[in-house]
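Before any comments, here is the structure.
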Amino acid sequence: MSAAKSEHAAPRGLAVLGATGSIGTQTLDIVRLFPDRLKVQVLTARRNAALLLEQALTFRPACVVIDDPKGYQMLREVLAPKGITVLQGEEALCSCVQHPEVEVVVAALVGFAGLRPVLAALEAGKQVALANKETLVAGGALVRQALRQYGGRLLPVDSEHSAIFQCLVGESPQDIEMLTLTASGGPFRTRPLDTFDRITPEEALCHPNWSMGAKVTIDSATMMNKGLEVIEAHWLFELPAERIQVLVHPQSIVHSMVTFVDGSTKAQLGVPDMRLPIQYALSYPERWAAPHARIDWAALGRLDFEPPDPMRFPCLPLAYEALRRGGTAPAVLNAANEQAVQLFLQEQIRFTDIARLVEMAMEHLAKPGETPSFEHLQEADREARQYVLELAGAAIH
Ligand code: NAD
Ligand code: MG
């Protein structure tokens, strides 16, 4: 499509799920850069009604959805008189993505909660710009089924998967030999292993290269994030675990690479700024000129790579194991991890307990089988969370 043509096309209608979070707010930064090309039609959040209100007043969507009942009352009082529909709860999240004015659904919420709305969007034939990797980890087979059946499209937002997606433009899937996902190694790449038991949430929340939401930041510190991304890559690019490898790259400049059958490797590089992959998911198949920072090659000087250490980061081999086992194993891994991360952030368990709890949950609860139904996945998710809570000795709410 030529640039001239896109300038005259109607703006793409967006639904931003998780608009108040790290990816959500950066998505809105991109909308601010391209007001003629993107139009926000739906904004959603769990609890932050004040920020959602501010966003709604700025972007004037057709609809906003919030989970929190108090926030819902407040938003309805202010926004309904302005002609903005205000809805509450999970059902509303699933119906708003099917709004006729929505072309692209940006899935920027956290965790398993993203699966139902993503499936609802695909069932309505929408494009989904996916940041919410947990959706593919737990329900990858269901998502692929929905893509086949309804003809929607998935556009990766996660920087590694966006990099691979960009490397694959103009290539044939059968020519791929290996995907290499890069990982920063997080804040504990060089910390003495015998001090890992004493890692505090504050230390784990300090990522060297990226500023992100709390859950994905802890996942980066344990490297579960990279494990989840291996499973995400499996479902996005339809390759087995043996053809997806992980390489630690502390500078986070090479976002990932693809090696082809002729021995050639393509990589995508850029400054560590999520607005780049978010923008690509929204502009694809075009590129839109933007003032994001460029790499200063001379100042950068060097790029380092090393293999990940499985002793230091046991969550990574656990995720490979879940992918190989299939059935409900990835959903159990994901749910146990979500629960364990929450307990760690509440200072109820140690950093090193996260991997232990996930491993035990997988051993006890994972069931084999080809494509678990949504109800099976929901049950596996609930069971794994409860199991982790019980093991951790925490009160069940
Ligand atoms: P965040 O915690 O900053 O924001 C999450 C958003 O989702 C908020 O708007 C919140 O209100 C909403 N939300 C959370 N739980 C919800 C629920 N149960 N129901 C409805 N809404 C809910 O998270 P984030 O860092 O923006 O991450 C979002 C997703 O993107 C995650 O899956 C993460 O792994 C992925 N991701 C994030 C980054 C990043 O740089 N932040 C990079 C790559 C991938
Ligand atoms: Mg990533």
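As the structure is a prediction and not an experimental result, all values here were calculated from the model. Atoms within each ligand, like the ligands themselves, are counted from 1 in listed order.
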- [ ] Describe, in one word, how the ring planes of Phe374 and Phe112 are oriented to each other, choosing from parallel (under 30°), tilted (30 to 60°) and perpendicular (over 60°).
- [x] parallel
TODO: Give a yes or no on whether a salt bridge exists between Arg382 and Glu379, defined as a side-chain N under 4.0 angstrom from a carboxylate O.
DONE: yes
TODO: Return the protein residues near ligand 1 (heavy atom under 4.0 Å from any of its atoms), ordered by chain and residue number.
DONE: Gly18, Ala19, Thr20, Gly21, Ser22, Ile23, Ala45, Arg46, Ala108, Leu109, Val110, Ala113, Ala131, Asn132, Lys133, Glu134, Asp158, Met212, Gly213, Val216, Met274
Task: Heteroatom of Glu160 nearest to the Mg ion (ligand 2) (N, O or S, atom name) - done: OE1
Task: The single option from Leu53, Leu57, Thr58, Leu51 passing side chain to side chain contact (heavy atoms under 4.5 Å, CB included) against Gln55 - done: Leu51
- [ ] For the pair Tyr284 and Phe165, name the ring-plane relationship: parallel under 30°, tilted 30 to 60°, perpendicular over 60°.
- [x] tilted
Task: Main-chain N/O of Gly18 paired with Thr44 side-chain donor or acceptor, under 3.5 Å - done: yes
- [ ] Would you please test Ile30 and His292 for side chain to side chain contact (heavy atoms under 4.5 Å, CB included) and show each step?
- [x] CA-CA 10 Å; Ile30 301 299; His292 308 302; 3.9 Å; yes
Task: Atom name, Glu229 (N, O or S, nearest to the Mg ion (ligand 2)) - done: OE2
- [ ] Show your reasoning for whether side-chain hydrogen bond (donor to acceptor under 3.5 Å, both in side chains) applies to Asn209 and Ser252.
- [x] CA-CA 7 Å; Asn209 304 345; Ser252 297; 2.7 Å; yes
Open item on the list: For the Mg ion (ligand 2), give me the closest N/O/S atom belonging to Asp158, just the atom name.
Closed with: OD1
